[in-house]
Protein chains: 2
Amino acid sequence: MTQDQWVPPVVLLAVDLVILTLRQSHLHVLLVERGIEPYRGALALPGGFLQHAEEDITVAAHRELSEEADLDLETLSLEQLGVYGDPGRDPRGRVVSVAYLAIAPRLPEPTAGTDAAAAGWQPIERVLSGDLTLAFDHQRIITDGVERARVKLERSSLATAFCGPTFTITDLQDVYEAVWGIPLDPRNFYRKVQKTEGFIVPAGTARKATTGRPARLFRAGPCTVLYPPMVRPTESPSEKE
Amino acid sequence: MTQDQWVPPVVLLAVDLVILTLRQSHLHVLLVERGIEPYRGALALPGGFLQHAEEDITVAAHRELSEEADLDLETLSLEQLGVYGDPGRDPRGRVVSVAYLAIAPRLPEPTAGTDAAAAGWQPIERVLSGDLTLAFDHQRIITDGVERARVKLERSSLATAFCGPTFTITDLQDVYEAVWGIPLDPRNFYRKVQKTEGFIVPAGTARKATTGRPARLFRAGPCTVLYPPMVRPTESPSEKE
DNA sequence: CTAGCTTCTTGTCAAGCTGACAAAAATAGC
DNA sequence: GCTATTTTTGTCAGCTTGACAAGAAGCTAG
């Protein structure tokens with residue numbers, strides 16, 4: 001920046017996707033098995049390098065999303081999570097990765113009986129606990145992604161993105177409980193989401209019944225910003241960062 | 001990622017700093033006048049390319065901070081804001097910039113009477129209103145930075161980072177009012193910050209007096225996460241994103 | 001040295017929200 | 001019809017918020 005003759009260093013730019021969904025009331029993340037070195041055979045986030053030097057980063061993220069996860073782009077929340085570029089994180093050279101967070105409603109198993117048995121949706125606990133070993137710094141990225149999702153659930157209507165087009169209030173509560181990892185009182189939750197204007201709106205008279213009283217169906221409301229916000233029960237009194 | 005022979009494209013990596021401070025109860029951002037093309041002579045955020053291919057991005061951000069703003073790194077909050085990498089944002093080629101947000105207490109004018117009269121601290125309103133024209137996509141970055149600061153003030157004790165080592169409750173209120181851009185009731189504010197445990201702690205018996213009753217002095221408390229959070233008065237009822 | 005002005009600090013009060021919990025309502029299965 | 005299960009509607013005390021009154025503590029002017 002100070003001398004015209006000095007040539008700034010270049011880096012390789014990649015995108016990584018943290019795709020979260022809910023399966024059996026548990027938060028899962030999509031992982032793929034790496035087919036090439038480095039970390040061949042290890043689990044990693046879907047992602048890859050820019051296709052060409054002029055590709056937009058957001059476009060690249062969407063491209064990887066459809067390539068590697070075959071997801072409908074329309075109904076998806078996709079948000080930039082951060083940059084991960086520690087020197088040495090990739091043995092191939094200086095690779096800087098832009099991570100994106102995507103929230104998906106319930107989806108079918110992406111890897112149906114192939115040899116990549118370990119790939120596909122993995123419970124988030126296995127990742128956070130270190131039970132699964134991931135390539136690169138992907139555990140870190142996932143940790144950050146989950147934390148971001150937890151915070152976003154408080155002030156945005158993101159939770160409805162985990163659900164299908166219609167859902168019951170109990171479905172929505174399942175989302176909050178799974179992402180936050182804590183139980184909530186159904187009666188207080190019911191009251192809260194009902195009175196948060198624009199969060200959810202009734203969806204016809206259809207009802208869902210398995211056992212017990214059939215639940216009313218709702219649809220995501222017009223507001224994406226919740227006011228007042230949903231509050232996570234006292235995370236831990238007098239918390240430090 | 002699919003063929004070993006394909007070589008991924010490379011990009012130039014830069015860091016940009018959004019450094020915010022408070023001057024005369026107004027939010028200001030640090031801007032410098034560009035000395036080289038492109039946008040020579042235009043105002044821009046402090047920043048620059050990585051120094052060498054192995055430099056850590058966070059290290060580069062801190063380096064630019066001390067190089068271009070001569071700021072004490074110890075007392076500063078520095079946080080990653082996001083990546084800005086639209087193709088075409090820089091005529092020199094594919095430049096991807098990692099933006100950082102820094103919050104600084106009141107500081108002396110960095111450019112004292114030099115010819116770069118326009119550089120230095122600029123009121124945030126002149127930037128947001130488009131009154132000032134900035135290089136690259138820096139207006140966008142600043143807009144995002146200010147919004148991030150606004151949100152962070154709610155849940156973190158960031159506001160104390162705008163103040164010096166000790167401050168009065170009114171000083172702190174000035175920060176909230178300047179960043180949020182709205183007036184607050186001094187009595188309710190006083191009660192709120194007092195009862196938010198760990199936010200501020202009394203600092204000796206010293207007091208500050210100009211006119212009116214002298215105010216008690218406080219110091220930043222141990223907690224960085226505020227619980228319960230400070231709530232911004234109804235941003236605007238039923239807001240859409 | 002007293003009145004007046006300014007700013008800080010302590011209260012008061014009604015309205016609204018939260019957490020804990022009771023009980024009614026609506027179905028499926030026996 | 002009876003029971004188990006889940007959803008939905010209430011109740012109630014405690015706490016926080018927003019609006020506002022009034023006392024406290026210094027400075028300045030007459």
Side-chain angles (χ1 to χ4, degrees), chain A residues 24-25 153-155 163 166-177 180 182-219 226-238, chain B residues 24-25 153-155 163 166-177 180 182-219 226-238:
Chain A
Q24 294 121 220
S25 298
L153 246 51
E154 298 181 47
R155 308 198 73 90
C163 305
T166 67
F167 49 85
T168 69
I169 291 186
T170 305
D171 291 338
L172 198 59
Q173 184 180 341
D174 274 351
V175 174
Y176 277 90
E177 291 186 333
W180 284 353
I182 50 173
L184 301 171
D185 183 288
R187 299 158 297 186
N188 293 337
F189 184 84
Y190 196 95
R191 178 183 57 191
K192 174 71 174 172
V193 297
Q194 282 279 42
K195 119 169 53 171
T196 302
E197 206 171 346
F199 189 10
I200 58 175
V201 295
T205 55
R207 292 166 185 235
K208 192 186 75 173
T210 48
T211 171
R213 175 173 178 172
R216 273 189 283 190
L217 287 180
F218 294 85
R219 185 192 325 279
L226 302 185
Y227 194 87
M230 309 285 297
V231 278
R232 248 193 296 187
T234 329
E235 10 209 303
S236 77
S238 100
Chain B
Q24 295 121 218
S25 298
L153 245 50
E154 298 182 46
R155 309 198 72 89
C163 305
T166 66
F167 48 86
T168 69
I169 290 187
T170 303
D171 291 339
L172 197 59
Q173 184 181 343
D174 274 351
V175 174
Y176 277 90
E177 292 186 333
W180 285 352
I182 49 173
L184 301 171
D185 183 286
R187 298 156 300 185
N188 293 337
F189 184 85
Y190 197 95
R191 178 182 58 190
K192 173 71 175 173
V193 297
Q194 282 279 40
K195 119 169 54 170
T196 301
E197 207 171 347
F199 189 11
I200 58 174
V201 294
T205 54
R207 291 162 186 239
K208 193 187 74 173
T210 47
T211 172
R213 176 174 177 172
R216 274 189 283 190
L217 287 179
F218 293 86
R219 185 192 325 280
L226 302 185
Y227 193 88
M230 308 286 296
V231 277
R232 247 191 298 184
T234 329
E235 9 209 301
S236 77
S238 99

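Quick note: numbers below take in every heavy atom, side chains included, and nothing from hydrogens, waters or symmetry partners. Lettering follows sequence order; numbering is per chain, from 1.
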Value in whole Å for how far the [atom2] atom of [N] lies from [atom1] of [X]:
X        : N      : atom1 : atom2 : answer
B/Leu184 : D/dT17 : CG    : P     : 13 Å
A/Lys195 : C/dG19 : NZ    : C1'   : 12 Å
A/Asn188 : D/dG14 : CG    : P     : 17 Å
B/Asp174 : C/dT7  : CG    : C1'   : 12 Å
B/Gln173 : C/dC8  : CD    : P     : 9 Å
B/Ile200 : C/dC8  : CD1   : P     : 13 Å

Would you give the length of the straight line joining atom [atom1] of [X] to atom [atom2] of [Y], rounded to the nearest 0.5 angstrom?
X        : Y        : atom1 : atom2 : result
A/Arg232 : A/Leu153 : CZ    : CG    : 9.0 Å
B/Leu184 : B/Phe189 : CG    : CZ    : 6.5 Å
A/Glu197 : A/Tyr227 : CD    : OH    : 13.0 Å

Determine: side-chain N/O of A/Lys192 to OP1/OP2 of C/dC17, distance under 4.0 Å, yes or no.
no
Along nucleotides 1-9 of chain D, 5' to 3', which nucleotides get a B, which get an S, and which get a -, given that the test is a protein heavy-atom distance under 4.0 Å?
----BBBBB
Any side-chain heavy atom of B/Leu172 within less than 4.5 Å of one from B/Phe199?
yes
By side-chain hydrogen bond (donor to acceptor under 3.5 Å, both in side chains), which residues pair with B/Thr168, not counting sequence neighbours?
B/Asp171
Can we call the ring centroids of A/Phe218 and A/Phe167 under 6.0 Å apart?
no
